[in-house]
**Q** 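One structure, pasted below without further comment.
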Amino acid sequence: MPSPYHASDTIIRTTIQLHHREQSQPTAQPMNILTTLRDRFRQPLQQQTDVAEKMLDMIRPAQDARFGDYQANFAMPLGKQLRLPPRDVAARIVEQVNLNDMCHPLEIAGPGFINLKLRTSWIVEQLAAAFQDDRLGIPKVLNPKTIVIDYSSPNVAKPMHVGHIRSTVIGDAIYRALKFLGHRAISDNHLGDWGTQFGMIIYGYKHFVDPELYRQHPVQELGRLYKLVHRLVEYQNAVAQLSDAETAVEQAENQLSTKQSSVKDLSRKTKKETKDIRKLRNQLADAKEHRDVLLERIDQVERDSQLAELARNHSGIAHAVLAETAGLHAGDPENRRLWQQFLPKCQEEIQTIYQRLDIRFDHELGESFYHDRLEPIVQRLQDLSHARESDGALCLFLPEFDAPMIVRKKDGAFLYATTDLATIEYRMENWNPDAILYVVDHRQKEHFDKLFAAVQLLGHTNIQLRHISFGTVLGDDGRPYRTRSGDIIGLEGLLDESVRRAYAVVCKNDDSRPTGPQLTEQQREQIARVVGHAALKYADLSHNRTSDYVFNYDKMVAMEGNTATYMQYSYARIQSILARGEVDLEQLRTKNAASALTLELSPERDLALQLLRFGDALNEMLDDYRPNILTAYLFAVASSFSKFYQQCDVIHADSERIRTSRLILCDLTGRTIKQGLKLLGIDVVDKM
RNA sequence: GCCCUCGUAGCUCAGGUGGAUAGAGCGUUGGUUUCCUAAACCAAAGGUCACAGGUUCGAGUCCUGUCGGGGGUACCA
């Protein structure tokens with residue numbers, strides 16, 4: 001199935017264009033540059049071709065200032081289609097398009113590029129409109145869509161860790177941006193509140209709880225119980241798997257030596273033989289690694305005499321935990337009671353993290369919420385003859401996939417595939433969304449492929465389902481980010497460390513000010529909190545979401561280059577200018593900006609043009625749900641501002657007129673940075 | 001085995017459904033401050049875009065193959 005989206009994403013119903021580029025309202029004054037240019041070119045193009053929209057997409061910002069501000073590249077493909085020289089086609093379009101108020105006379109260059117240079121008078125007019133608008137000139141969409149965004153979704157009984165950053169932060173940014181543009185965005189945190197981890201806690205509570213600790217610090221004690229039981233279960237599983245793992249190593253060793261001895265003359269190996277041997281070597285290494293992990297896991301427990309004794313006394317713990325989980329699901333009164341007791345405490349714990357991250361959800365309907373809907377949906381799948389039993393499990397065999405989607409295990413338990421189906425139906429019944437977005441890591445692609453196919457089987461075709469996938473956070477070694485001892489890194493600790501480093505930088509900077517420190521201890525701490533949290537979020541958002549990226553504190557908090565800090569710094573400098581200039585903002589904002597603005601120097605014009613691109617950047621971001629488009633835009637704004645700042649004195653400008661004009665630019669830049677960062681879930685500070 | 005992904009400067013990364021001379025930050029080298037926050041700015045050096053074919057007026061981008069990394073692949077989520 002051809003897809004207009006990134007290959008790693010999955011969609012159905014490509015015909016629903018969700019956040020398509022809208023034609024602007026004829027009356028809407030503030031508007032985006034690209035939207036406007038496309039509007040102007042639409043009719044002339046429609047006279048030449050029936051694929052005008054495709055051609056309109058080929059209008060884009062110029063790559064090189066020599067080619068003006070924007071360029072249109074459609075004359076070449078159009079020339080081919082019409083069997084005319086592209087330059088002639090370009091000339092014909094240029095003659096018909098009405099851009100005189102907006103652009104200098106268009107130029108045709110090279111094979112048929114159309115170069116557009118915006119009139120400064122037009123920029124001034126648009127900028128003035130944006131300046132006087134609370135929304136900075138960004139229009140709301142004409143056709144708002146209802147879009148459910150499913151992100152974050154941690155298991156409530158476990159501490160959140162580094163793996164939750166991306167889903168949480170990217171999902172939140174998409175949510176904020178959609179809302180800002182006027183869509184009805186609904187965020188739903190699909191909490192894991194019903195799984196095996198509760199079986200572990202319940203088992204732990206029944207056998208290992210310290211009542212006093214539980215009374216004083218319930219969440220901490222539950223966390224301890226989870227970790228303890230988890231460890232014992234892992235230990236037991238490791239013991240059970242060890243002999244298989246050892247056999248696998250032996251087998252790999254045998255295969256390798258057989259292969260090597262069959263190739264007698266090693267200096268005259270064929271390509272295939274070389275390849276086979278390397279592959280066998282890798283297999284051996286993998287097998288050894290797996291075995292060593294198991295050994296380490298076993299050793300860790302056995303080294304600790306207390307743990308070892310617990311492991312001996314609870315030899316059936318792996319099974320028992322599953323039984324506790326099954327009991328919970330089956331309605332065992334004691335387990336239900338415990339679950340109801342634990343759940344609010346776990347949720348509270350997780351909320352403290354969300355508060356730190358400044359993230360709120362419209363809904364938090366966890367897995368448990370759908371429990372009663374699983375049986376009926378499975379029944380329906382059977383009634384419709386879509387599901388059948390295989391090896392005792394109830395399966396959906398989907399034509400495009402080798403392995404089936406299992407909706408009920410042979411022990412009768414349901415899986416998350418089942419819950420996901422029920423969740424989609426619930427959302428459709430209650431919110432009637434145009435789309436549901438799943439911000440989930442790329443490893444679950446196949447799950448979503450199957451899930452979406454199953455949804456179609458159930459007859460739901462009037463909805464777009466999309467997996468917004470993202471890559472892995474890596475450590476310096478290029479492997480998933482972990483502590484040196486191999487443990488997963490907790491999110492809370494990550495935030496603390498980020499704030500700690502931000503604090504150090506804030507202090508260093510303030511202490512080294514030529515005029516002496518300006519910040520109180522309280523201010524320093526507050527700034528460090530904002531800057532530290534921002535650094536972490538921004539580091540994540542500024543990478544292409546589909547890429548893996550290497551996590552690096554130093555770079556993140558380095559406060560140079562494309563970081564949140566650089567943007568926040570720009571913002572703070574602007575606030576400083578406005579304060580030092582004793583500017584009455586209310587008065588400034590009521591000024592007739594259109595007549596006050598003057599963009600004579602190129603840093604002024606560049607900055608102004610950059611500010612006008614905000615709406616285009618947002619559209620582009622939502623086109624494929626890529627927050628790094630917005631971070632790149634903000635970096636460009638901040639860079640333009642730095643150049644402007646360097647070359648254009650604001651407070652001591654040559655004339656009152658220029659001073660006012662530059663103050664307007666400063667204020668609008670500050671508001672744009674603030675608004676842009678806000679859409680990424682990031683705050684600003686006035687001083688830093 | 002099959003499927004999905006990635007390979008761009010010393011390092012970390014950008015590079016819409018193909019468009020003009022492949023970009024940024026860090027690092028390196030050199031320069032800028034009696035001046036609104038130098039956490040800044042300017043300049044230079046640094047690239048066979050993994051490799052080989054192909055499609056095209058035009059390929060980092062699309063197709064095929066090869067090499068290398070990561071991930072997934074029947075009852076975890």
**Q** Arg482(A): which residues meet the salt bridge (charged side-chain N to carboxylate O under 4.0 Å, His left out) condition with it, sequence neighbours left out?
**A**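 Arg482(A) satisfies salt bridge (charged side-chain N to carboxylate O under 4.0 Å, His left out) with no other residue.
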**Q** Could you check which of rA74(B), rU37(B), rA14(B) has an atom nearest any side-chain atom of Cys395(A)?
**A**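 So the side chain of Cys395(A) is nearest to rA74(B).
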**Q** Pick the nucleotide of RNA chain B nearest each of Tyr569(A) and Leu474(A); which residue has the one closer to the 5' end?
**A**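 Result of the comparison: Leu474(A).
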**Q** Is it true that Phe113(A) and Phe67(A) have ring centroids separated by less than 6.0 Å?
**A**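 Here the rings of Phe67(A) and Phe113(A) have centres that are no less than 6.0 Å from each other.
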**Q** Give the nucleotide from the list rC36(B), rU12(B), rA77(B) with an atom nearest to the side chain of Tyr416(A).
**A**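 Closest nucleotide among those given: rA77(B).
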**Q** Among rG72(B), rU37(B), rA39(B), find the nucleotide with the atom closest to the side chain of Lys687(A).
**A**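 The closest nucleotide is rU37(B).
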**Q** For Asp477(A), what residues pass the salt bridge (charged side-chain N to carboxylate O under 4.0 Å, His left out) criterion, not counting sequence neighbours?
**A**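 So Asp477(A) forms no salt bridge (charged side-chain N to carboxylate O under 4.0 Å, His left out) with any residue.
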**Q** Report yes if the distance between the aromatic ring centroids of Tyr553(A) and Phe551(A) is under 6.0 Å, otherwise no.
**A**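 Aromatic pair counts; centres sit under 6.0 Å.
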**Q** Under 3.5 Å between N/O atoms: give me all the protein pairs with nucleotides 18-20 of chain B, atom names plus distance.
**A**
{"residue": "rG19(B)", "atom": "OP2", "partner": "Arg60(A)", "partner atom": "NH1", "Å": "3.2"}
{"residue": "rA20(B)", "atom": "OP2", "partner": "Gln63(A)", "partner atom": "OE1", "Å": "2.4"}
{"residue": "rA20(B)", "atom": "N7", "partner": "Gln71(A)", "partner atom": "NE2", "Å": "3.4"}
{"residue": "rA20(B)", "atom": "N6", "partner": "Asn115(A)", "partner atom": "OD1", "Å": "2.5"}

**Q** Quick test of your reading: applying salt bridge (charged side-chain N to carboxylate O under 4.0 Å, His left out), list the pairs with at least one residue in residues 65-83 of chain A, sequence neighbours left out, ordered by first then second residue.
**A**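 Every salt bridge (charged side-chain N to carboxylate O under 4.0 Å, His left out) pair that includes a residue of residues 65-83 of chain A, provided the two are not neighbours, is Asp64(A)-Arg66(A), Asp69(A)-Arg605(A).
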**Q** Suppose you measure atom C1' in rA22(B) against the same atom in rC13(B); what distance do you get, rounded to whole Å?
**A**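 Taking atom C1' in both rA22(B) and rC13(B), they lie 14 Å apart.
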**Q** Taking only residues two or more places apart in sequence, or in another chain, which ones meet Arg388(A) in a salt bridge (charged side-chain N to carboxylate O under 4.0 Å, His left out)?
**A**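 Testing Arg388(A) for salt bridge (charged side-chain N to carboxylate O under 4.0 Å, His left out), a comparison that skips the adjacent residues, returns none.
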**Q** What nucleotide among rA74(B), rC36(B), rU73(B) has an atom nearest to a side-chain atom of Ile651(A)?
**A**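 Nearest listed nucleotide: rC36(B).
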**Q** For Watson-Crick and G-U wobble pairs within 3.5 Å on both distances, what is RNA chain B written in dot-bracket notation, | included for inter-strand pairing?
**A** (((((((..((((.....[...)))).(((((.......))))).....(((((..]....))))))))))))....
**Q** Enter syn or anti for the glycosidic conformation of rG60(B), syn applying to angles within 90° of 0.
**A**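 Base orientation: anti.
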**Q** Quick check on RNA chain B: between Asn544(A) and Asp391(A), whose nearest nucleotide comes earlier from the 5' end?
**A**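 First, find each residue's nearest nucleotide; the 5'-ward one identifies Asn544(A).
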**Q** Is Arg524(A) paired with Asp511(A) through a side-chain N to carboxylate O contact shorter than 4.0 Å?
**A**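 Yes, Asp511(A) and Arg524(A) are salt-bridged.
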